[in-house]
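Side chains included, hydrogens not; waters and symmetry mates left out as well; all remaining heavy atoms used. Treat the numbers as computed from the prediction; the structure is a model and nothing was measured. So you know, we letter chains A, B, ... as the sequences are listed, proteins then strands, and number each from 1.
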Amino acid sequence: MSLFTKILRTPTVTEPIARGDVEVEVEVIARQIEQGSRRLFGRSLHVREVDAGSCNGCELEISALSNPYYDMERFGLHFVASPRHADCLLVTGPVTRNMAGPLKRTYEATPDPKIVIAIGDCAHNCGVFKDSYAVVGGVDKVIPVNVFVPGCPPEPVDILRGILLALDRLPRK
Amino acid sequence: MTGYFLEVSQALGALALAPGLVGFVRWWKARLQGRRGAAPWLVYYDLRKLFGKEVIMSTNASWIFRFTPYLVFTTTVAVTLLIPLVAAPLPFDRIGDLLLVVYLLLLGTFFLALAGLDPGTAFGGMGASREMTIAAIAEPTIALSIFGLAVGAGSTNLGRIVAETLAHPSASISPGHLLGFAALFTVMLAETGRLPVDNPSTHLELTMIHEAMTLEYSGRYLALIEWASALRLLIFFSLLANMFAPWGVATTLTPAALGMAAVALVAKLAALGIVVALLETRIAKLRLFRVPELLAVSFVLALLAVTSSFLLR
Amino acid sequence: MLTLFLLMVAGYVFGALAALPGGGHGAFARRLAAAGATFGSISGVALGVLSIASGNPLTLTSSRFLPLTGAALRLDGLGAFFLVVVGLVGCAAAIYAFGYTAHYAGRYSLRFLGAMFNLLLLALSLQVMADNALTFLILWEAMSLTAYCLVLTEHDRPGTVRAGVWYLAMTHAGFAALIAMFLLLSRADLTSSFASIRAGAALLSPASRNAVFLLALFGFGAKSGIIPLHVWLPMAHPVAPSHVSAILSGVVIKMGIYGLLRVLLDLMGGGPAWWGGIVLSAGAVSALLGVLYALMEHDLKRLLAYHSVENIGIILIGIGAGLIFHSYGLMALAALGFISGLYHTINHATFKGLLFLGAGSVLQATGTRNMEKMGGLIKRMPWTALFFLIGSVAISALPPLNGFASEWLVFQSLLGGSNIPTPEVAAVMPLAVGMLALTSGLAAACFVKAFGISFLAIPRSAEAEHAHESPPSMVAGMAILAIACVALGLAPFVVVPRLGRVLAGLGGLPDTHAEFTLNLSLITPNNSSSMSPTLLAFGLLMLLGLVPLVMMVFRVNRRLRLSDSWGCGRVGQTPRMEYTATAFAEPLRRVFAELYRPTKELSIDFHPDSKYFVQSIEYRSEITPWFEKALYRPLLRFVRLLAELTRRLQSGSVHIYLFYISFALLVLLLIARWS
């Protein structure tokens, strides 16, 4: 019962998300998402997270997306358990040699239409692991990417903005 | 003629309302967790999106994989045609009784389990195995609850049961009815895959029961299966509401009575949805091998319900 | 009708005789045998249907053939119904045998197989027409012996001889009980017709009647496979050739049901409520334990054999309920109970026959009965898979097939238990309902395993990978039974009135042919509950056609792409990654561990230098059915002890033997003098 009294006392803590007033271009659009897909995914995007060899820093930020402060569910975003159920792949990490094959297979296992969003500096250009013997390259060397969200790690609100921008759903200021 | 028209519109209404019900329960859980959560109508967008995606099928799978979503969807829609949602009795009432409803749902589960085994993945097999175990162990409780209701009404046909409880309101607070409600509520949690039996929003495959069978499905097949499980939730809620507390169900087919019945149904569904949301927030998921103990408790409750309705007749 | 009878006998006799000349022409002989059996069984079905439709019994006495005694045959409604069951499964099995017996050529005696097959069917057909105790017993023994010969067909395989010995022992133990029972019933005059037995049965003392009941239950129960007399069933049915297994499971065990109905209901006219109570309890326990042991099997035919035990249990639940209602004078409910039992009899015969024929197909294609070595057969044997699926759905009592229709009737007759005046007896009904529901749920789980592991996913062995579809005769045999399953399920409003007419008059039951159907629905007394599988099937088909149509109208994405199974990104998929039959049943094994008491043996081989390196791990777990350990082993020990004691009489000395002979002669003379 004390659980319910605590629930009643705690307010809804979700923070509103705005376009962001920083001059730095935090989202890099690599490939345009076609209009039809954008309409299809506008209110409902199922996300599958793929760790292609990252240090887990980006993962922690991504998992923060489902907490009450960032609450990605209110936008219709939802993490799913299988790429067959997914519309969007959220890829982190420089693609290591071991993970290149599985990443490609995950991409092929996702039904069309789909979008790929690469999170973090490592996914863009290998970040601190650049030129390492163990990495293949950025995510776009393995699968076609729609949006890059730079940062090491990017903040959850930036990740959210990246996704919403890709869908053209960022709320106007 | 109006009866048949009403049947069809009842089924269509249930189809339309079911995803909203799932969204409603989800929204309540989100609010209880202190976040804004997805609006209840966003589930409809999910379905629309799924119908727009392609299907990927495993090369190991057979025609059963392709046939199952249609069968599961069809049997669930057929059940909505047989149960009294807004009015009782309806013309199709003579075609199916409570036993037929239960076994139709079991037919859907049977094929869904086969479809889980079809692609040859380990998760699918695991989901199928667990789902059939729970379905099998939940059967006696369902049968005994039906028995308890049928003893009072003299029939297993749903329209008659509803009419009987409406005619004798004092029977609805008899020990038989209350225990039967508790038993059937527990079984409903097991059959629709809610906590504490199965977490509908889990990502951990080793804890999945229903989800694990559908991991290979995508596109329109997944849409049909998701819609069917939302419909299943609506069916179980409606059965609980209309068998045990049937006030509001129209006995005459006048627009006023039907309108009131529709409002009453939505209210009852919302109430049950809130109860389930509160329960899911409070309770943690049971270990898989503790679930038979929970179902055994519900079986004992159902047995007590039947015995008391025998003795108090 | 007489002509049909003669045609039927002629067909079987021709089949039996045609099988015998052989030598190098085994192929021709076996086809003639199968043809004879087909002809005979079709005539049998026609005879049965005609007899039920016309309602006239057919009587034949032949005191000319056996000078001192008389064999009497009379076909009434009940017999005609069972004749239809025999003929239906017999016809399908005979057609199936055209193709199936091919793979016995050269290894086992095809002549013997064909001859015994025809003789078995003949004995079964005449059995249900027996009109006096002697004919009944002779034909019963003929049926058991021919079945025993057929079980021993593959005599060089391990386990067959043991199965045959157990079968013979159990069936003769039952036979001894039946002889005793008939002696009591007919007051030591075995040639008195059933009509005179019926008249005289009312005059027997209650103690005699109870003794008759117990002997009948033992004797017919041993034939049917009621727990605890079932131990021979999972041994004998798997080792027999598959078309014979279909007959054994589909028809021969039903003769126990026929016997029970004939003796308890017809000849004795029913009895006190505790008779029905014992039958009901035995049925409920058989059903539950049968399916629980079936779940743990991964030998496909043993699994099906245990399911036969389960379904006999369900039939007995219906019959037990009928007997209970009969003892209280609730005739309509009693009729409902017996109708549900009889309906389930023919349903079980069709779907169990179908499943065994399917298992035979799989056995012939892959060479194994072990489910753990099968898989992926649905793509290689599509017709067998489809028919096996129909059988699986039917046996799991899923609408709209026949298993559901008869289980619905059994449930409804149990629900009628609220009308019983004594609360102690009425309280048994809810428990029976619970056990029946658990049984059907577990059966569904078991058949998901049986069909899913055997036919779906990837082949688990090279034999399964190279499997191919069965020859057309085998497919045709399965198709006949599959169509029968569907027809019996969609047309219960045709079957139930006929069953009502069959039961009319037996034990004082009224003619209920108009009571339990209304248009296309099944109804219960006073039109309280009703259900229509026909309309449901129609509705389901319409919806199944409507949904894709609506999806096309709304221009849903219709693309489908083939790819590998999602395996979390791993490379390739091997059969080792699939679920196994043992793994599928494991949760249920854990839930019911107290009943199964599985033994576990774990041996780990460590590297001699360090305990951290393991060379091999062997895990062995076994479930021994409780009955053999607790019941039969002490019994066998006791019998062996008695035999040891009796052996002391055999001293080997001729003088002692001469003394025994003269002593026995003296005793007999004294007895003859004083009686």
Cut-off 4.5 Å, heavy atoms of chain C, and the answer for Ala122(B) is both
Is there a side-chain contact between Met126(B) and Tyr579(C), using heavy atoms and a 4.5 Å cut-off? yes
Non-hydrogen atoms of chain B under 4.5 Å away: do they reach the side chain of Ala443(C), the backbone, both or neither? neither
Phe92(B) versus chain C, the contacting section by heavy-atom distance below 4.5 Å: neither
Can you name the residues of residues 292-300 of chain B that have some heavy atom under 4.5 Å away from a heavy atom in chain C? Pro292(B), Phe299(B)
Parallel, tilted or perpendicular: ring planes of Phe451(C) versus Phe388(C), cut at 30 and 60 degrees: parallel
Looking at Arg460(C) and Glu578(C), does any basic side-chain N land under 4.0 Å from a carboxylate oxygen? yes
Examine Phe411(C) together with Phe147(B) and report whether their ring centres are nearer than 6.0 Å. no
Option that, when pairs with chain B are counted at under 4.5 Å, heavy atom only, ranks first among Pro382(C), Pro548(C), Pro587(C), Pro430(C): Pro430(C)
Proximity breakdown for Phe584(C) and chain B, heavy-atom pairs closer than 4.5 Å: both
Side chain, backbone, both or neither: which part of Ile378(C) has an atom under 4.5 Å from a heavy atom of chain B? side chain
Sub-4.5 Å side-chain heavy-atom contact between Glu216(B) and Thr121(B): yes
Do Phe516(C) and Phe493(C) have their ring centres less than 6.0 Å from each other? no
Which heavy atom of Glu191(B) sits nearest to which heavy atom of Ala135(B), and what is that distance? OE2-CA, 4.2 Å
Measure the spacing between OG1 of Thr156(B) and CD1 of Ile146(B) and express it to the nearest 0.5 Å. 8.0 Å
Contacting region of Arg94(B) [heavy-atom separation from chain C under 4.5 Å]: both
Rounded to the nearest 0.5 Å, how far apart are OG of Ser461(C) and CE of Met374(C)? 8.5 Å
Picking from Thr580(C), Val591(C), Val547(C), Leu544(C), which has the most non-hydrogen pairs under 4.5 angstrom with chain B? Leu544(C)
For Ile137(B), is it the side chain, the backbone, both or neither that has a heavy atom under 4.5 Å from a heavy atom of chain C? both
What heavy-atom pair brings Ser529(C) and Asn157(B) nearest, and what distance separates the two atoms? CA-OD1, 3.0 Å
Would you give the length of the straight line joining atom CG of Leu114(B) to atom OG of Ser62(B), rounded to the nearest 0.5 angstrom? 9.0 Å
Would you check, one step at a time, whether the test salt bridge (charged side-chain N to carboxylate O under 4.0 Å, His left out) holds for Glu164(B) with Arg160(B)? CA-CA 6 Å; Glu164(B) 181 71 23; Arg160(B) 297 274 295 258; over 6 Å; no
With a 4.5 Å limit on heavy-atom distance, are the side chains of Lys53(B) and Ser218(B) in contact? no
Check whether any side-chain heavy atom of Arg570(C) sits under 4.5 Å from a side-chain heavy atom of Met577(C), and report yes or no. yes
Taking every heavy-atom pair that is under 4.5 Å apart, which of Ala128(B), Ala150(B), Gly96(B) has the most such pairs with chain C? Ala128(B)
Please look at Phe65(B) and chain C and tell me whether the side chain, the backbone, both or neither of the residue comes under 4.5 angstrom of a heavy atom of that chain. neither
What residues of residues 66-75 of chain B sit under 4.5 Å from chain C when only non-hydrogen atoms are counted? Arg66(B), Phe67(B), Tyr70(B), Leu71(B), Phe73(B), Thr74(B), Thr75(B)
Side chain / backbone / both / neither for Thr307(B) at chain C, heavy atoms under 4.5 Å: neither
Between Tyr103(B) and chain C, with a heavy-atom cut-off of 4.5 Å, which part of the residue counts as in contact: side chain, backbone, both or neither? both
Arg576(C) CZ to Ile458(C) CD1 distance, which is reported to the nearest 0.5 Å: 12.5 Å
Using a cut-off of under 4.5 Å for heavy-atom pairs, which of Ser530(C), Ala397(C), Ala457(C), Gly452(C) has the most such pairs with chain B? Ser530(C)
Does the side chain of Leu106(B) reach to within under 4.5 Å of the side chain of Phe404(C), using non-hydrogen atoms? no
Side chain from CB out, backbone as N, CA, C, O: work out which of these in Val556(C) comes under 4.5 Å of a heavy atom of chain B, or both, or neither. both
Pick one of side chain, backbone, both or neither for Ile64(B), based on which atoms fall under 4.5 Å of a heavy atom in chain C. side chain
Taking side chain as C-beta onward, heavy atoms only, is Leu15(B) less than 4.5 Å from Val77(B)? yes
At a heavy-atom separation under 4.5 Å, does Leu522(C) approach chain B through its side chain, its backbone, both, or neither? neither
Among Val393(C), Leu295(C), Ile523(C), which has the most heavy-atom pairs under 4.5 Å with chain B? Val393(C)
Interface moiety of Met551(C) toward chain B, non-hydrogen atoms closer than 4.5 Å: side chain
Kindly indicate whether the side chain of Met531(C), heavy atoms from C-beta on, has any atom under 4.5 Å from the side chain of Pro533(C). yes
